[in-house]
Participant: 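Sharing a structure here in structure tokens format.
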Amino acid sequence: MTMFKGIDYYDIESELSQEARLVRDTARAFVEREFLPSIREHYRAGTFPLELVPRMGALGMFGANLSGYGLPAIDNISYGLLMQELERGDSGLRSFASVQGALVMYPILTFGSEAQKQRWLPLLASGRAIGCFGLTEHDHGSDPAGMTTRAVKRGNGYLLSGVKMWITNGAVADLALVWAKLDGEIRGFLVERGTPGFTANEVVGKLSLRASVTAELVLDEAFVPEENLLPDAVGLKSALKCLNQARYGIVWGALGAAMACFDEVLVHSAERMVFGRPLAAFQLTQAKLADMLTEITKGQLLALQLGRLKELGKMRPEQVSLAKRNNVRMALETARTARGILGAVGISDEYQSMRHMCNLESVDTYEGTYEIHTLALGRDLTGIDAIS
Ligand SMILES: Cc1cc2nc3c(=O)[nH]c(=O)nc-3n(C[C@H](O)[C@H](O)[C@H](O)COP(=O)(O)OP(=O)(O)OC[C@H]3O[C@@H](n4cnc5c(N)ncnc54)[C@H](O)[C@@H]3O)c2cc1C
């Protein structure tokens, strides 16, 4: 197998630090050698390659842009490239790392007590513990403020009751960060596996993100000790701050999925003969390739500048909305076009474009749907809230 070379029409390479190149190349080699050989089987079986989790931990792939407590503290462009390479493998792989780092480690680091940080960050960073983030409910996805999961003070802790849905890593997690209302205010609770009254049911029958574990979390008066409440996570804005971190990773990750599809059809269209000529010799195919490359390049420049703003501490949530909305939809369109160029073989899992296409349907929906990010931009532009 020849190693993936990346798509770089505008010499973005020259903008990258040594560290960024090293992070990207390490992740690329990991995906190529250790992940891609088994993705087809995992996708068919609907399983995530859990055996790779300690290895990813050893490579510093969890919470890589976080600092303190022995965390890698790489810069945000390097982190973005890491997400890009993981999603070049599969959106499920990037989702795993996003949840672990941006949605579990980041909130513990940002809102947690010293004891919570000391205990959980090394475990999560190394992959010895897996985390999940429980915000969405069956009836409250785009509107998490309407959540019905409740915490009630009881003795030296809290009783949590409610049901969370569509929770990535939920059925394999050692630790669930569950968002629940305490006296009407949204708070974050660390719920440990094995807590009486807490169960996780794996969601089956998914046609998207099949190589990712998704679960329903059921809390039936599950007792959570006082010390497991995140002291500084108060209100929905705390949960949204975590999502903003994760969305930043998605902006780059989507590029990886789009690159995988483009790379696949660039090779295929040169080899596939139709009407006695290579498919790539036809103008309609060339137009498709030119459009794909143009959109990927625009998405790369968007991600790069967003990363620079994040480095400077100037990244606004609406700027993340713009880039998440654009890059994921762009990747989805790229994957659909690639699937078409492949013809019939494009529906076979011998090829990857359709797997990426199916995955990207989820990525377009989670972490704020395309529509919700559209309305977030509309609100920012006009000052008028059209979401609720
Ligand atoms: C594979 C997968 C993994 C996930 N992982 C997690 C996880 O780890 N943790 C977690 O908490 N959640 C997770 N989610 C949930 C995800 O964040 C939600 O699915 C998402 O927020 C959308 O909510 P919903 O599915 O209830 O859709 P709904 O809110 O019911 O929306 C349905 C449709 O209505 C549109 N819509 C909603 N409101 C408006 C409006 N005001 N105006 C116009 N259109 C609107 C939406 O854009 C969408 O097209 C995951 C989802 C998937 C599919």
Side-chain angles (χ1 to χ4, degrees), residues 43 46-48 87 90-107 124 130-149 162-173 175-180 186 188-189 191 200-219 233 236 238-247 249-250 253-254 257 321 324-325 328-329 332 355-379 382 384-388:
Y43 208 83
T47 51
F48 180 82
E87 198 148 357
D90 192 81
S91 299
L93 184 63
R94 199 269 310 138
S95 296
F96 187 98
S98 281
V99 169
Q100 184 89 342
L103 295 181
V104 183
M105 295 171 67
Y106 171 82
L124 292 161
I130 295 173
C132 70
F133 178 91
L135 179 67
T136 303
E137 299 179 355
H138 284 273
D139 294 332
H140 299 282
S142 299
D143 170 27
M147 69 172 64
T148 59
T149 301
V163 180
K164 297 290 177 181
M165 186 55 179
W166 302 112
I167 309 306
T168 302
N169 296 349
V172 293
L175 182 69
L177 167 48
V178 173
W179 298 89
I186 295 176
F189 298 84
V191 183
N201 308 312
E202 186 161 354
V203 175
V204 293
K206 285 185 300 169
L207 298 175
S208 171
L209 272 187
R210 287 188 51 74
S212 171
V213 173
T214 312
E216 175 191 59
L217 307 183
V218 181
L219 299 126
L236 186 62
S238 301
L240 297 182
K241 215 171 156 188
C242 307
L243 290 172
N244 219 33
Q245 300 300 315
R247 286 170 189 152
I250 294 174
S321 284
K324 191 269 183 183
R325 174 179 183 270
V328 176
R329 191 53 70 93
L332 185 52
R355 171 167 53 79
H356 282 296
M357 182 187 91
C358 293
N359 285 339
L360 288 160
E361 292 289 348
S362 284
V363 184
D364 200 56
T365 289
Y366 72 28
E367 309 259 359
T369 64
Y370 183 86
E371 289 77 12
I372 292 296
H373 287 299
T374 307
L375 297 173
L377 288 172
R379 181 177 56 196
T382 65
I384 304 166
D385 185 354
I387 296 179
S388 53

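Remember, it's 1-based here, ligands and their atoms both numbered in the order they're listed.
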Participant: Will you find, in the side chains of Tyr106 and Asn244, an N or O donor that is under 3.5 Å from an N or O acceptor?
Facilitator: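 No - no donor-acceptor pair under 3.5 Å links their side chains.
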Participant: Ignoring hydrogens and angles, state whether a donor on the side chain of Ser98 or Arg94 is under 3.5 Å from an acceptor on the partner side chain.
Facilitator: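 Side-chain D/A pair, Ser98 to Arg94: present.
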Participant: Where is the tightest heavy-atom contact between Ala211 and Phe48, given as atom of each residue plus distance?
Facilitator: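 So the minimum-distance heavy-atom pair works out to O-CD1, 3.2 Å.
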Participant: Under the criterion side-chain contact (heavy atoms from CB on, under 4.5 Å), which of Thr136, Leu135, Leu236 is the partner of Trp179?
Facilitator: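 The option that passes is Leu135.
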Participant: Can you tell me if Ser95 and Tyr366 form a side-chain donor-acceptor pair at under 3.5 Å?
Facilitator: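 Note: Ser95 and Tyr366 side chains meet the donor-acceptor criterion.
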Participant: I need the Leu103 CG to Leu177 CG distance, nearest 0.5 Å.
Facilitator: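 Between Leu103 CG and Leu177 CG, I get 8.5 Å after rounding to 0.5 Å.
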Participant: Given a heavy-atom cut-off of 4.0 Å, could you list the residues near ligand 1 in chain and number order?
Facilitator: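 Close residues (ligand 1, cut-off 4.0 Å): Phe133, Leu135, Thr136, Gly141, Ser142, Trp166, Ile167, Thr168, Leu209, Ser362, Thr365, Tyr366, Glu367, Thr369, Glu371, Ile372, Leu375, Ile387.
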